[in-house]
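Note on naming: letters A, B, ... go to the chains in the order of the sequence lines (proteins, then strands), and numbering restarts at 1 for each one.
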Amino acid sequence: MSELPKHIDPKAIEEKWYAWWLQHNCFHREAADGGEPYTIVIPPPNVTGILHMGHALNNSIQDTLIRWRRMQGYNAVWVPGTDHAGIATQNVVEREIKKEGLRRQDLGREKFLERVWAWKEQYGNTIVNQLKKLGASCDWDRLRFTMDEGLSNAVKEVFIRLYDKGLIYRGTYIINWCPRCQTALSDEESEHRDVKGKLYHMRYPVKDAPGEFVTVATTRPETFLGDTAVAVNPTDERYRHLVGKTLILPVLHREIPVIADDFVAKEFGTGCVKVTPAHDPNDYQMGLRHSLPQINVMTDDGHMNENAGPYAGLERFACRKKIVDDLEAAGLLVKVEDHHHAVGHCYRCSAVVEPRLSPQWFVKMKPLAEPGIRAVKEGRIAFVPERWNKVYLEWMENIRDWCISRQIWWGHQIPIFYCDECGHQWADRGKPSVCPKCGSARVRQDEDVLDTWFSSWLWPFSVFNWPEQNEDLKFYYPTHALVTASEIIFFWVARMIMAGYEFMGDLPFREVYIHGTVRDNQGRKMSKSLGNSIDPLDIINEFSADALRFSLLMLTATGQDVYVSKEKFEVGRNFGTKIWNVARFMQLHKLEQPLEVRAISLNPDRWTADDWHIVAKIDDAAKAATECLERYRFNDYAHVLYEFLWHEFCDWYVEYAKPTLYGTDEARRREVLSIMHYVFNRALRLLHPLMPFLTEELWHGMGYGLEDETIMTAPWPKADNLTLRGMAQPYVEYVDLKHDLIRRARQLRADYEVPPGDKVDFVIKPAGPDAAAHLRADADAIALLIKAGALSIDPDFAPPRAMPSALNALGAVYMSLGGVDVEAERIKLQGQLDAVAQELERLEARLANEAFIQKAKVDVVNQARARRDELIGKREKLAAMLAGLG
RNA sequence: GGGCGUAUAGCUCAGUUGGCUAGAGCACUUCCUUGACAUGGAAGGGGUCACAGGUUCAAGUCCUGUUACGCCCA
């Protein structure tokens, strides 16, 4: 046992223990170590990422789980890694070279990729190092990157397998195009945001019918240049006569037909819809049904192309404005209305996404989804909280094909090769230099790269080097808990489930814990642009990593969003300080024969009620903590330990112990200190997953661990001694009542404004012989806690004069005071008597009700009867006390 | 437009399969620097459980509807 300094130095202990854990390889496990596996794979943060509160919450939860399972004796591995984040990372590096006046095209693919790799080497581990500050006990020997060699092999293998199976195809469809990033996006990567837009009503002249027009409504007037029809609903009487007629597209003077199609909603706008097959998914479908031409009017970077006639070269929104002006000038603009609607935005750069016809690679998802749907329906994979099951199933059952090609350079290049000689196209694991069909050397690889999520969906097995079959893969897969946020259920969770079944033939994980979003005090998402983010590293600096973790998890009700502000982290800091100080208190008390804290022997036959009580309560805490963790109830878990350590242990047990510890009965001192160490040791272990640094420091500081040991592998306390717990129960009940009675006595003092320094005499009239025996044994300690001059326990006490008093099931307490405000005392007692009478009345009514006696559970009826008897007793006593006032 | 979530103390939230007097932390009021801790201790005030119906012996909890806010999908 080493002397603890007066104040904690969180920075010092965080650095010391993290380095120690690394040095002693505490986070690493291997299949060869045997035992029961418990695996978590980290949601790989982007290499461009810096730690924010969302990461802090996500990783605190994972670390809590993995540390707990490790203590339970599992072969527990938490596999870390980072994601190459194709578009995001490319954007970062493009911005960087822009400062040198360069575009990626100026460097060329190869040179540009060198720059990205260099950037990754320099900055890519930032977030990994930040995770270490949090205390994350990842198995760093297993650190992976989605573009390292092994994972790239997995990606290639998967692509080729799906391609050969016919599940990957190339096709020209409407996709989400980001004109800023100049790449296709998947449906999930286009974020819908509500925007205040306009609905433009424009007129198209009817051919050969001067003065006759058709009015269409659109939110994107610039796409009219690509219109190849106008559609109405076939049942719409208003327009039936127009179907089959020809319209003249303004400006371009192109002739387009009026068609009838069920898809058109009669109520929307004018009921006439312009049809632009190359720029809208619904129009595209309509175009197919009616064999309409598809005219793309835009370039990759969001400007109008040669099909836009006089508008060619204009930026799309500038073009919109000009077209509106021109149509207005030509008398073809009927009106412009305000219109709220959802518009897709690029999830990486927030540019407005342009739906657009484009040749891309897709994965056919329906067949992959089937096993994933069954797995959740049959409960093999469970979401926590379970409401996410439904969200997941909804999406999976309506799944659409996945656009996986991206027109960027940073990522896994698509392993498809083309022969320019004979036109052969094939998938290849290597880098072929000649065409396998005609032998020509005019071979080139597809330019596109794969969606970033095409590598992360393999994460649970690619981190173990799949497709290589090895012991780790066999041992650690399937993994156990997946901890993530709801935002990526579709992006990632659902796809991992599909990949797991498709390539491993088994589920990737058993439980998916979905935690909430971290928000600021006003409920807004934390973001850089709002300037409302709280940097977890600032919190670690100011409070401590333990405080950050504890506070975050204490605030995390299952799956609910977490609202944080700086002050909220004080809970964790204060709790840490409290624990530190009680540890110092224990150290303060030396014994003649020093205590061997590693080999505590307890003597229950000589225990007081308080001893039984605290030992029972730590047992209960162990049980509760374990249950909370099993059910992902992190706030309850934090609360259990807070309540136990602060209130049960510090507020009561330590206070009861003081007279003994400052006294001279060496045997009692020894027993009390032994119990304290026994209890505190267990509490530290229960708290370790949540506050790893502080608990490790104290575990050593108190001498519970040898120099080469760590609390990380100390056994997780179990509540298994039922016999002892059963024996403790009567003491637990007594002590809980004693706490209450002490509170009531203190209340008497406060009511009569007795200065805290003054001693007053008290009498307790016990409710029965058992209570009397207990109270007599505890009289000295109670006297101290209520600052009594003299305290007598007198079963026959009858107040000789008016005395302030209070009552509970254990007995009545009387305070001896010179001047008593008899009237105030009468009012107080009368108030209590009224409350008792009222409750009794309600209870009697309930017990008189036949239906209640018959239908309610036996326990509930018995409880009601017991309560009634208790209240009757209480009523009598209160009446007597009232009479005693004279 | 469809789906989901939330509504409990001034604030942030717990409250499990319906069942004792609805809890915690923060904030607030009063008092206390006695020997672990003022990042502390003691005591206290504060709630028609959003609203309206219903089911039940019994509803904060279950059902229906209304309102408000938030999220996801289209």
Side-chain angles (χ1 to χ4, degrees), chain A residues 4 6-8 187-188 191-192 265 268 281-282 341-342 344 385 387-388 390-391 394-395 398 486-487 489-490 516-517 519 521 523-525 543-544 547 551 554-565 567-568 570-589 627-628 631 633 635-636 638-639 642-643 646-647 650-651 654-655 658 661-662 742-751 753-757 784-787 835-836 838-839 842-843 845-857 859-864 866-868 870-871:
Chain A
L4 294 172
K6 184 147 192 223
H7 297 287
I8 331 177
D187 293 336
E188 292 70 39
E191 290 181 347
H192 290 268
F268 183 79
N282 297 317
H341 61 140
R387 72 181 122 91
W388 296 108
K390 208 175 156 186
V391 175
E394 190 70 25
W395 187 78
N398 297 293
S486 60
E487 289 105 84
I489 290 179
F490 306 145
T517 308
R519 299 174 179 280
N521 251 355
R524 300 174 305 182
K525 247 184 190 167
F543 298 102
S544 74
S551 307
M554 189 148 185
L555 292 168
T556 305
T558 315
Q560 294 295 338
D561 287 353
V562 189
Y563 289 52
V564 300
S565 61
E567 307 81 62
K568 289 200 171 161
E570 289 172 5
V571 192
R573 177 202 55 188
N574 295 353
F575 186 43
T577 308
K578 188 78 184 175
I579 298 168
W580 183 263
N581 281 311
V582 79
R584 286 178 54 233
F585 173 80
M586 289 162 68
Q587 285 198 342
L588 208 70
H589 298 278
E627 278 172 11
C628 291
R631 300 172 55 209
R633 317 231 0 159
N635 58 329
D636 291 339
H639 190 82
Y642 187 88
E643 174 68 23
W646 199 308
H647 296 121
C650 293
D651 286 355
V654 169
E655 292 305 322
K658 278 180 180 173
L661 292 176
Y662 287 113
I742 287 170
R743 265 190 225 106
R744 286 171 195 272
R746 285 168 170 169
Q747 197 181 335
L748 292 180
R749 295 183 59 112
D751 286 351
E753 289 174 357
V754 178
L784 215 65
L785 292 176
I786 62 179
K787 291 178 176 149
V836 167
Q838 235 176 55
E839 196 191 335
R842 283 201 304 271
L843 213 52
R846 201 192 307 173
L847 284 166
N849 184 342
E850 276 304 311
F852 174 68
I853 305 293
Q854 277 171 16
K855 293 184 185 171
K857 277 176 275 182
D859 284 359
V860 175
V861 176
N862 286 341
Q863 266 172 30
R867 177 72 182 156
R868 178 186 56 187
E870 192 187 330
L871 286 171

Rounded to whole angstrom units, what separation is found between the [atom1] atom of [X] and the [atom2] atom of [N]?
X: Lys857(A); N: U56(B); atom1: NZ; atom2: C1'; result: 13 Å
X: Lys6(A); N: C37(B); atom1: NZ; atom2: P; result: 6 Å
X: Lys578(A); N: U39(B); atom1: NZ; atom2: P; result: 12 Å
X: Trp646(A); N: G40(B); atom1: CH2; atom2: P; result: 5 Å
X: Glu394(A); N: G5(B); atom1: CD; atom2: C1'; result: 16 Å

Checklist entry - Taking all non-hydrogen atoms of both residues, which atom of Val836(A) and which atom of Leu871(A) are closest, and how far apart? => result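 Minimum heavy-atom contact is CG1-O, 3.6 Å.
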Can you name the atoms? Protein N/O to nucleotides 24-33 of chain B N/O, anything below 3.5 Å, with the distance.
none

What's [X] touching, base or sugar-phosphate or nothing? Going by heavy atoms closer than 4.0 Å.
X: Val391(A); result: nothing
X: Ala342(A); result: base
X: Lys658(A); result: base
X: Glu191(A); result: nothing
X: Phe575(A); result: nothing
X: Asn398(A); result: nothing
X: Arg584(A); result: sugar-phosphate

Roughly how far apart are [X] [atom1] and [Y] [atom2], rounded to 0.5 Å?
X: Tyr642(A); Y: Asn635(A); atom1: OH; atom2: CG; result: 14.0 Å
X: Gln838(A); Y: Leu843(A); atom1: CD; atom2: CG; result: 13.0 Å
X: Ile489(A); Y: Glu487(A); atom1: CD1; atom2: CD; result: 9.0 Å
X: Glu627(A); Y: Arg633(A); atom1: CD; atom2: CZ; result: 11.0 Å
X: Ile786(A); Y: Arg743(A); atom1: CD1; atom2: CZ; result: 13.5 Å

From the options [options], select the nucleotide whose nearest atom is closest to the side chain of [X].
X: Arg867(A); options: A14(B), U21(B), A74(B); result: U21(B)
X: Lys787(A); options: U34(B), C20(B), G41(B); result: U34(B)
X: Asn849(A); options: G5(B), C57(B), A74(B); result: C57(B)
X: Arg631(A); options: U16(B), G40(B), C4(B); result: U16(B)
X: Phe490(A); options: C72(B), C37(B), A74(B); result: C72(B)
X: Arg633(A); options: A14(B), G19(B), C37(B); result: A14(B)

Item to check | Footprint string (nucleotides 59-64 of chain B, 5' to 3'): B base within contact, S backbone only, - free, heavy atoms under 4.0 Å | outcome: ------
Checklist entry - Which residues pass the side chain to side chain contact (heavy atoms under 4.5 Å, CB included) test with Ala583(A), sequence neighbours left out? => result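 Here the qualifying residues are Leu4(A), Phe680(A), Leu698(A), Met702(A).
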Checklist entry - With sequence neighbours left out, what residues match Glu394(A) under side chain to side chain contact (heavy atoms under 4.5 Å, CB included)? => result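 For Glu394(A), the residues satisfying side chain to side chain contact (heavy atoms under 4.5 Å, CB included) (neighbours in sequence not counted) are Asn398(A).
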Item to check | Structure string for RNA chain B in dot-bracket form, Watson-Crick and G-U at under 3.5 Å, | interchain | outcome: (((((((..((((.....[...)))).(((((.......))))).....(((((..]....)))))))))))).
Taking side-chain hydrogen bond (donor to acceptor under 3.5 Å, both in side chains) as the test, write out the residues that go with [X], two or more places apart.
X: Glu839(A); result: Arg867(A)
X: Arg744(A); result: Asp740(A)
X: Lys658(A); result: Glu655(A)
X: Asn581(A); result: Arg584(A)

Could you write out each protein N or O paired with an N or O of nucleotides 43-45 of chain B at a distance under 3.5 Å?
| from | atom 1 | to | atom 2 | distance (Å) |
| --- | --- | --- | --- | --- |
| G44(B) | OP1 | Gln747(A) | OE1 | 3.2 |

Checklist entry - Is the charged tip of Arg573(A) near the ring of Phe543(A): under 6.0 Å from the six-membered ring centre and within 45° of its axis? => result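 Checked: cation-pi criterion not met.
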Checklist entry - Sequence neighbours excluded, which residues qualify as ring pair (Phe, Tyr, Trp, His ring centres under 6.0 Å) partners of Phe490(A)? => result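 With neighbours one apart ignored, the set is Trp395(A).
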Next on the checklist: According to ring pair (Phe, Tyr, Trp, His ring centres under 6.0 Å), who are the partners of His647(A), at least two apart in sequence or on a separate chain?
Outcome noted: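 Not a single residue meets the ring pair (Phe, Tyr, Trp, His ring centres under 6.0 Å) criterion with His647(A).
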Checklist entry - If you pin Arg573(A) and Trp395(A) to their nearest nucleotides in RNA chain B, which one's is more 5'? => result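 Final value for this comparison: Arg573(A).
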